[in-house]
Amino acid sequence: MQTIQIYQLKDFVGQEVKLRGWVRNWRKQSSKLRFVVLRDGTGEVQCVAHKPDMGEEAFEAVKALSIETSLEVWGTVGRHPRREGVFEIALKRVVPMQVAVDYPIGKKEHGPDFLLGQRHLWLRSSRQWAQLRIRHTVYSAIEGFLNGQGFIRFDSPILTPSSCEDTTTLFEVPYFDMGSAYLSQSGQLYLEAGIMSLRRVYDFGPVFRAEKSKTRKHLTEFWMMDAEAAFVEHEENMQIQEDLIRHIIRTVLERCATELETLERDTDTLRRADAPFPRWTHRQAIDYLKSKGCDIDYSDDFGAAEEEMLTAESDTPVFIERWPAEIKAFYMRRDPESPGLALCSDLLAPEGFGEIIGGSERETDHDELQSRMKSLGMPMDEYQWYLDLRKYGSVPHSGFGIGLERTVGWMAGSRHVRECIPFPRMISRVTP
RNA sequence: UCCUGAGUAGCUCAGCGGCAGAGCGGGUGGCUGUUAACCACUAGGUCGGGGGUUCGAAUCCCUCCUCAGGAGCCA
């Protein structure tokens, strides 16, 4: 008899098999009939325990099962009598590995604080299973796309000497007798060094922000993929981002049908997002918002409400490009046609999921960059290496960073990014 | 840091000045096709902590704590 996994059931109809997993739920129908829902990490299947078929002793073993007990089951694969395309197991025998007593997560609703406190167990529920599998698929789609575009993985350091911004948003860690180091907010500056060797590079890892943000779009530790490419300018940079996002959408739709169904995600909406992305300048966006009655100025950033208005009428994500330079980062190249603007773009996801990518063409001129850094009061000795990149063969280059959890949240239709990472870290939670 | 809301059984919540409640979960029993199964019975309480008002406080007031959503903030 073969030991199989639930995803293989369709190939074993009519055969006796062995499965290993956990009890998701059980239902008692009568003194002679019980249903046990088995999950094994690859899926779920209903097992039918009928006392006259399996015998007194084997049925007693089924009666002793509890939610989340780990076990091995033997039985015959069949088709559900009333559900098309659904399989079930006619049980012959069950052997518990470890009997779970009083599993804390029940079948009814729970609050977020309780569930996050039980995150190590909450991971087992159907929705979390589906979301984490979509996370894996998004991760895998990003890597597949970049590999196909000639990007080389280049791991940026996580411990860094300091920030280019003020250090209040950084997590500080003691570093031997050298004072403090800080957890990285982004590996971008290091990637700019990498492209001068490898032409196109990316990193993919955790980044850390000590901001006291308390919203459904913020985590203090989240995963970001930063890509950087030599000889790529602003327009091509946006094209790469659009191609990447559309590749992610197609990959998730293709590989995660079951997961999306479990989450009751509207896949037509996702499908429609796989189309050319509108590109608005920041000025056009402000004009639009003004026409809708927003009290906003040409030098302003957008709040959550504005972001939603900008994408409300679009099926696809929307690029907002060429922002006022003074509200963007120092390393962004200025627009030659309008020096007050930065050659940058934010990509806003539709359906209210917010900003998922930020990118820009980078400043290439040594003196220009140096003067901006000085005026920001940055520690020039710590960043000499970064200025060196503009002294020894500076080239046009661009890059962008994509937030994994927000992208997963959009794909999965999750209201909160805390469900898009196995163990979320937020302002009021670092455990479990 | 600010604004708003919440904290009552293991969980989700109702009760909002006069006997501490329901559903789920636990336990016991019933039902041959259930899908968060259902039905009956049963056990289960420091009403977030402290202080105050009142004949009487889960309920009103003050204060602190915790959580949520949002704002600010967010290479």
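As the structure is a prediction and not an experimental result, all values here were calculated from the model. Naming: A, B, ... by sequence-line order, numbering from 1 per chain.
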Using OP1 and OP2 only, check whether a side-chain N or O of [X] sits under 4.0 Å from [N].
{"X": "A:Arg418", "N": "B:G69", "value": "yes"}
{"X": "A:Arg216", "N": "B:G69", "value": "no"}
{"X": "A:Ser186", "N": "B:A75", "value": "no"}
{"X": "A:Gln46", "N": "B:U35", "value": "no"}
{"X": "A:His416", "N": "B:G69", "value": "yes"}
{"X": "A:Ser31", "N": "B:C31", "value": "yes"}

If you take atom types as modelled and just measure distance, does the side chain of [X] reach the base of [N] with a donor-acceptor pair under 3.5 Å?
{"X": "A:Gln118", "N": "B:G10", "value": "no"}
{"X": "A:His218", "N": "B:C74", "value": "yes"}
{"X": "A:Lys214", "N": "B:A68", "value": "yes"}
{"X": "A:Ser428", "N": "B:C67", "value": "no"}

Across all strands shown, which nucleotide pairs with [N] by Watson-Crick or G-U wobble geometry, both distances under 3.5 Å?
{"N": "B:A71", "value": "B:U1"}
{"N": "B:A20", "value": "none"}
{"N": "B:C41", "value": "B:G27"}
{"N": "B:A9", "value": "none"}
{"N": "B:A57", "value": "none"}

For atom [atom1] of [X] and atom [atom2] of [N], their distance in whole Å:
{"X": "A:Leu33", "N": "B:U32", "atom1": "CG", "atom2": "C1'", "value": "5 Å"}
{"X": "A:Leu219", "N": "B:C74", "atom1": "CG", "atom2": "P", "value": "17 Å"}
{"X": "A:Met373", "N": "B:A75", "atom1": "CE", "atom2": "C1'", "value": "12 Å"}
{"X": "A:Leu191", "N": "B:A75", "atom1": "CG", "atom2": "P", "value": "17 Å"}
{"X": "A:Asp113", "N": "B:G10", "atom1": "CG", "atom2": "P", "value": "16 Å"}
{"X": "A:His80", "N": "B:U35", "atom1": "NE2", "atom2": "P", "value": "10 Å"}
{"X": "A:His110", "N": "B:G7", "atom1": "NE2", "atom2": "P", "value": "18 Å"}
{"X": "A:Glu355", "N": "B:C73", "atom1": "CD", "atom2": "P", "value": "15 Å"}

Locate the shortest heavy-atom distance separating A:Leu71 from A:Met97; write the atom from each residue and the value.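 What the structure gives for the nearest pair is O-CE, 3.6 Å.
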Within the 4.0 Å heavy-atom criterion, would you say [X] contacts the bases, only the backbone, or no part of the nucleic acid?
{"X": "A:Gly111", "result": "sugar-phosphate"}
{"X": "A:Lys328", "result": "nothing"}
{"X": "A:Arg27", "result": "base"}
{"X": "A:Pro104", "result": "nothing"}

In whole Å, what separates the [atom1] atom of [N] from that of [M]?
{"N": "B:C19", "M": "B:C60", "atom1": "P", "answer": "16 Å"}
{"N": "B:U8", "M": "B:G15", "atom1": "C1'", "answer": "9 Å"}
{"N": "B:U32", "M": "B:U66", "atom1": "C1'", "answer": "50 Å"}
{"N": "B:C16", "M": "B:C55", "atom1": "P", "answer": "23 Å"}
{"N": "B:A20", "M": "B:A58", "atom1": "C1'", "answer": "9 Å"}
{"N": "B:C24", "M": "B:C41", "atom1": "P", "answer": "12 Å"}
{"N": "B:G7", "M": "B:U59", "atom1": "P", "answer": "12 Å"}
{"N": "B:C61", "M": "B:U54", "atom1": "P", "answer": "16 Å"}

A:Ile134 and side chain to side chain contact (heavy atoms under 4.5 Å, CB included): which single residue from A:Cys256, A:Ser414, A:Cys420 fits?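 For A:Ile134, the side chain to side chain contact (heavy atoms under 4.5 Å, CB included) check succeeds only for A:Cys256.
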Choose from [options] the nucleotide whose nearest atom is closest to any side-chain atom of [X].
{"X": "A:Pro112", "options": "B:A37, B:U32, B:A68", "answer": "B:A68"}
{"X": "A:Glu88", "options": "B:A37, B:G33, B:U32", "answer": "B:G33"}
{"X": "A:Phe114", "options": "B:U32, B:C74, B:U12", "answer": "B:U12"}
{"X": "A:Thr215", "options": "B:G70, B:A68, B:A37", "answer": "B:G70"}
{"X": "A:Lys212", "options": "B:A37, B:G72, B:C74", "answer": "B:G72"}

Select from A:Ser213 and A:Met426 the residue whose nearest nucleotide in RNA chain B is closer to the 5' end of that strand. A:Met426
Which residue lies toward the 5' end of RNA chain B, A:Phe35 or A:Gly106, if each is placed at its nearest nucleotide? A:Gly106
Is A:Arg20 paired with A:Glu72 through a side-chain N to carboxylate O contact shorter than 4.0 Å? yes
A:Arg79 and A:Phe87, any side-chain heavy atoms less than 4.5 Å apart: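 They are in side-chain contact.
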A:Ser186 and A:Met224, any side-chain heavy atoms less than 4.5 Å apart: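 Touching, per the 4.5 Å side-chain cut-off.
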Side chains of A:Tyr331 and A:Gln188, donor plus acceptor under 3.5 Å: yes
All pairs passing ring pair (Phe, Tyr, Trp, His ring centres under 6.0 Å) where residues 95-128 of chain A contributes a residue, at least two apart: A:His110-A:Phe114
Do A:His282 and A:Phe302 have their ring centres less than 6.0 Å from each other? yes
Do A:Val408 and A:Val417 pass the side-chain contact (heavy atoms from CB on, under 4.5 Å) test, and can you show the C-alpha distance, the side-chain angles, and the key distance before you say yes or no? CA-CA 8 Å; A:Val408 172; A:Val417 289; over 6 Å; no
